[in-house]
Amino acid sequence: MYGGGNVFEATKFDDLEQEDPVKLAEFEARIARGEKIEPSDWMPQLYRKQLIRMIEQHAHSEIIGALPEGTWITRAPGFRRKLAQMAKVQDEVGHAQLLYSAAETLGKTREQMLTDLINGKSKYSNVFNYPAFTWADSNIISWLIDAGAIVNQMANAKGSYGPYCRALDRICAEEAFHLKYGHDAVVHMATGSPIQRKMIQEALNRWWPPIMTFFGPSDKMSMHTETLMRWKVKMASNDACRQQFLDMYVPKIWELGLTVPDPKLRKNEEGVWEYTEPDWDEFKRVINGDGPCNAERLAVRRTAEERGAWVRRALLAPKATYVRPLA
Amino acid sequence: MLENAIKDLLYKIADDQLILGHRNSEWTGFGPMLEEDIAFSSMAQDKLGHSLAFYTLLHQMGEGDPDTVAFMRNADQFHNSQLVELPIGEYDFSLIRHFLYDNAEILRFESLSQSTNEEIAKIATKLKGEVRYHVLHANTLVKQLGSATQESISRLQQSLEYALPFALGIFEPSKHEQELIDAGIYSGEAALQNQWLERISAVLEKTHLKLPEIANLQPVYGGRYGQHTEHLQPLLDEMAEVFKIDPTAEW
C-alpha cells in the first residue's frame, strides 16, 4: 500500500553529465520504445539510485502498513472477518518480500534496507504514522488506502524497470481483492446498526486528511521531475493520481450515506475536483518524524528485527563441515 | 452417550485450532524474517479454518453457531490444551510449540480420517493435507535451528524443556475415552501420544537437541476440563472486543 509522490531524492543533476552519452542515449531510446530495463542492463547511476529509493520506500510502506491493520487481526469480529483480515495483512507482508527482492536486483540488500528503515534514514508512506483507533479505522484503511495504492501502483506497473513492474502486477492483483474486502466491510458498517454507522463515519473523519495527502503534494515541475518521467520512473503526477482517486471513490463514499469531512469538496464544471488544500506543513512535520505514531512504528520494527536477529544469524551460519587442507 | 463423547472430542480439537491460530496470527508483522511472518500467518489462517470446520459440524449436531461459540464463551468453557493458550513469547518458543503441536495434530487427523463417523472422517481427510505442510515447516526449522549455532540450539532446548509438560497436556484423556475407542471414532489419546513421541524423537535425533525423559515429567492437565492459565481469558476478551460491541450486528 503505497501512495508514492514526494519522495524522490534531490540528486545533484550534474551526476548525469558523467554518464557515457552514447549509452545514455541508447538507454533513453530503449525506454522510449517501451522496452523494460533488466538488472544486468546498463543504466545511469541516477536511475539506479532513484529506483532503489522508490522500491525500498514502497517495501517499507508494506511492512509498516501491516502494523495499523495488524493490530485488528486479533480483534476482528467473527470468523469471516478474522480470516480475511489475517489474509489481507499477510498479503501486505508478502508484498514487502516481493519488493525487497526487486530492490535487491539493483544492488542493495534487504538487511541494509531494513537497517535504514529502523534508523529513520529511509521513509515509508506517511499515512501509516496515523493510528487505527477502532475496527472501523481498519476498514477505512483496507478500502480507501488500498484504493489509493492501486491508483498509484497501476501507474507504476507501466514503468520501465522490469523487476519492479512484474512485482507490481502481482501486487495489484492482490490489492484488488483487498479493495473488495475493505469495501464490503465498510458497506456492512455503513448500513449496519447506529453504533456501526457512527464508528465508520468517525473513522472516515479521522482518515480523510491523511488520505488527501497520500499521493504527496503537487509536483514541482522541474527538470528533475521531467527526467524521472522520461525514464518512466515516475509515471503520473501526484495531482493526477489524487484526481483519479477522488473521481473513483468520492461517489462510492456518498452512495453509502457517509459524509466526506471537507465542505469545499466538489467536482467543478470542468470535471476537476476542488477540495480544501491539505495541511502540507503537518505532512512535512509527520514525514520528518513528528507524527502520532512514527516512534511507535519504528520501535515495533526495531524490536522485531532485534528479537529475530538470532534466527537470521543461525540460518546464515555456515555448515560446520571443514575440509582439512592437503598440505 | 456417544453423541456427547463426540462433541467433547470435537470441541477440544476446534478450541485447540482456534486458540493456536489466534496466537500464531500475532506473529503477523513481527516475525524474525518476512518469510516466517508469512508462514505463521498462513498457518494461522489454516488453523482458524479448521476450527470453523469443526464448529460447523458441532452446529449441525445442535450446538450454537460458530461465531457465537468462538466469540462468546468464557475461558472455563474452552476445552483447548493449555499449551496453545500460552503467549507467543520469543520465536524459539513459538516454533517449538508449533513443532510439538502439529506433530500431534497430524496424527489425530490421520486417526480421525479412519473414523467410523463419516462426517468426521471426511473433514479430517481434507484437513490433514494442510497440517502436513505445517509439520513440514516445523520439522524443517527445528532441524535447521536445532543444529545451527550455540545460541539457536540453547534457545530451542530451553523452550523444548519448558513446553514439553504442556504438550503432554494435549493428550489428557477425556472421560469418554473408552467409549470413543470402542465406537471406532479414533484411536484414543494414549495411542496418539506414543506415536507422537516416536515422531518427534525421530526429528530431534537429527539435531543437537535432547528430548527430556518423558517419564520424569509431570504433564500439565486441566485444559480439556476447562481449567486454564491466566493467559486464556485476556486472549478471549481481546478476540471478542469488537464482536461484543453488538453481538447481533453483522460486521
Side-chain angles (χ1 to χ4, degrees), chain A residues 59 62-67 69-87 89-94 96-97 100 110 114 134-136 138-139 185 188-189 191-196 199 300-301 303-305 307-317 319-320, chain B residues 18 21-42 44-45 48-49 51-52 55-56 65-68 70-71 90-92 95 141 144-153 155-156 235 237-251:
Chain A
E62 301 283 353
I63 47 169
I64 297 290
L67 300 177
E69 286 181 287
T71 55
W72 290 97
I73 291 176
T74 53
R75 293 175 279 180
F79 270 101
R80 201 163 70 104
R81 295 292 179 219
K82 197 172 170 72
L83 279 164
Q85 185 86 358
M86 278 182 188
V89 182
Q90 182 201 21
D91 280 353
E92 307 294 1
V93 181
Q97 190 200 13
Y100 284 123
R110 191 200 287 187
L114 286 169
T134 69
W135 169 247
S138 164
N139 297 155
H188 274 75
M189 297 290 279
T191 59
S193 68
I195 301 173
Q196 287 174 307
M199 280 173 80
V300 166
R301 206 54 246 165
T303 308
E305 291 300 314
R307 283 175 62 187
W310 68 271
V311 181
R312 299 191 298 278
R313 276 197 295 272
L315 292 176
L316 289 170
K319 287 266 182 317
Chain B
L18 172 68
H22 182 96
R23 283 298 189 210
N24 282 347
S25 79
E26 292 177 26
W27 277 107
T28 312
F30 301 91
M33 44 198 179
L34 299 178
E35 288 74 7
E36 280 307 279
D37 252 67
I38 296 166
F40 266 85
S41 176
S42 173
Q45 289 164 55
L48 217 66
S51 74
L52 180 57
Y55 288 131
T56 305
D65 73 278
D67 276 346
T68 308
F71 287 81
E90 295 278 325
Y91 177 75
D92 45 59
L95 174 62
L141 276 156
Q144 277 188 282
L145 294 175
S147 16
T149 59
Q150 216 174 11
E151 185 185 27
S152 70
I153 294 163
R155 273 177 174 267
L156 261 59
L235 178 154
D237 291 342
E238 184 179 340
M239 188 162 85
E241 186 187 306
V242 180
F243 191 83
K244 284 184 176 168
I245 292 174
D246 186 351
T248 59
E250 278 209 47
W251 288 93

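We name chains A, B, ... by the order of the sequence lines, and we start the count at 1 in each one. We use all heavy atoms of the structure for the numbers below, so side chains are in, but hydrogens, waters and symmetry mates are not.
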Report summary line: One should read off an interatomic distance between B:Phe30 CZ and A:Leu67 CG, to the nearest 0.5 angstrom, of 5.5 Å
**Report entry** Pair B:Glu35 + A:Arg110: basic N to acidic O under 4.0 Å
**Finding:** yes
Query raised in the report: Can you find a pair of side-chain heavy atoms, one from A:His188 and one from B:Trp251, that are under 4.5 Å apart?
Result: no
Report summary line: Residue from B:Ile153, B:Leu52, B:Thr28 scoring the most non-hydrogen pairs under 4.5 Å with chain A is B:Leu52
Query raised in the report: Any side-chain heavy atom of A:Thr74 sitting closer than 4.5 Å to one from B:Glu26?
Result: yes
Report summary line: Correct closest heavy-atom pair for A:Ala304 and B:Gly29 would be CB-O, 4.4 Å
Report summary line: Interatomic distance, CD@B:Glu90 vs CZ@A:Arg307, rounded to 0.5 Å, equals 4.5 Å
Report task. Give the minimum heavy-atom separation between B:Gly49 and A:Leu83, together with the two atoms involved. Result -> N-CD2, 4.1 Å
**Report entry** Spacing of B:Leu48 atom CG and A:Arg80 atom CZ [to the nearest 0.5 Å]
**Finding:** 14.0 Å
Query raised in the report: Do you know the tightest heavy-atom contact between B:Asp67 and A:Gly78?
Result: OD1-CA, 3.5 Å
**Report entry** Portion of B:Phe40 that has a non-hydrogen atom of chain A nearer than 4.5 angstrom
**Finding:** neither
Report task. Under 4.5 Å, counting heavy-atom pairs only, tell me which of B:Asp246, B:Asp37, B:Thr248, B:Asp92 racks up the most with chain A. Result -> B:Asp92
**Report entry** Contact leader toward chain A among B:Glu241, B:Met33, B:Arg155, B:His22, where contacts are heavy-atom pairs under 4.5 Å
**Finding:** B:Arg155
Query raised in the report: Do B:Glu250 and A:Gln196 come close enough that some side-chain heavy atom pair is under 4.5 Å?
Result: no
Report summary line: Honestly, the part of A:Arg75 sitting under 4.5 Å from a heavy atom of chain B is both
Requested in this report: Tell me, out of A:Ala76, A:Ala185, A:Pro77, who's got the most heavy-atom pairs with chain B below 4.5 Å.
Outcome: A:Pro77
Query raised in the report: Of the listed residues (B:Ser42, B:Ser51, B:Gly21, B:Pro247), which shares the most heavy-atom pairs with chain A below a 4.5 Å separation?
Result: B:Ser42
Query raised in the report: Looking at side-chain heavy atoms only, is the closest gap between B:Gln45 and A:Gln90 below 4.5 Å?
Result: yes
**Report entry** Close side-chain approach of A:Trp135 and B:Ile245, heavy atoms under 4.5 Å
**Finding:** no
Query raised in the report: Of all of A:Thr191, A:Leu315, A:Ile195, A:Asp91, which one pairs up most often with chain B through heavy atoms under 4.5 Å apart?
Result: A:Leu315
Report summary line: Closest heavy-atom pair, B:Ser25 versus A:Ile73, reported as atoms and distance to 0.1 Å, is OG-CG2, 3.5 Å
Query raised in the report: So, do B:Leu18 and A:Phe79 sit near enough that their side-chain heavy atoms are less than 4.5 Å apart?
Result: yes
Requested in this report: I would like to know whether A:Lys82 and B:Phe71 meet side chain to side chain contact (heavy atoms under 4.5 Å, CB included); could you show each step before the answer?
Outcome: CA-CA 11 Å; A:Lys82 197 172 170 72; B:Phe71 287 81; 4.0 Å; yes
Query - Qualifying residues under side chain to side chain donor-acceptor pair (under 3.5 Å), relative to B:Thr149, sequence neighbours excluded - result: B:Ser152
**Report entry** A:Met86 CE to B:Ser41 OG distance, which is reported to the nearest 0.5 Å
**Finding:** 7.0 Å
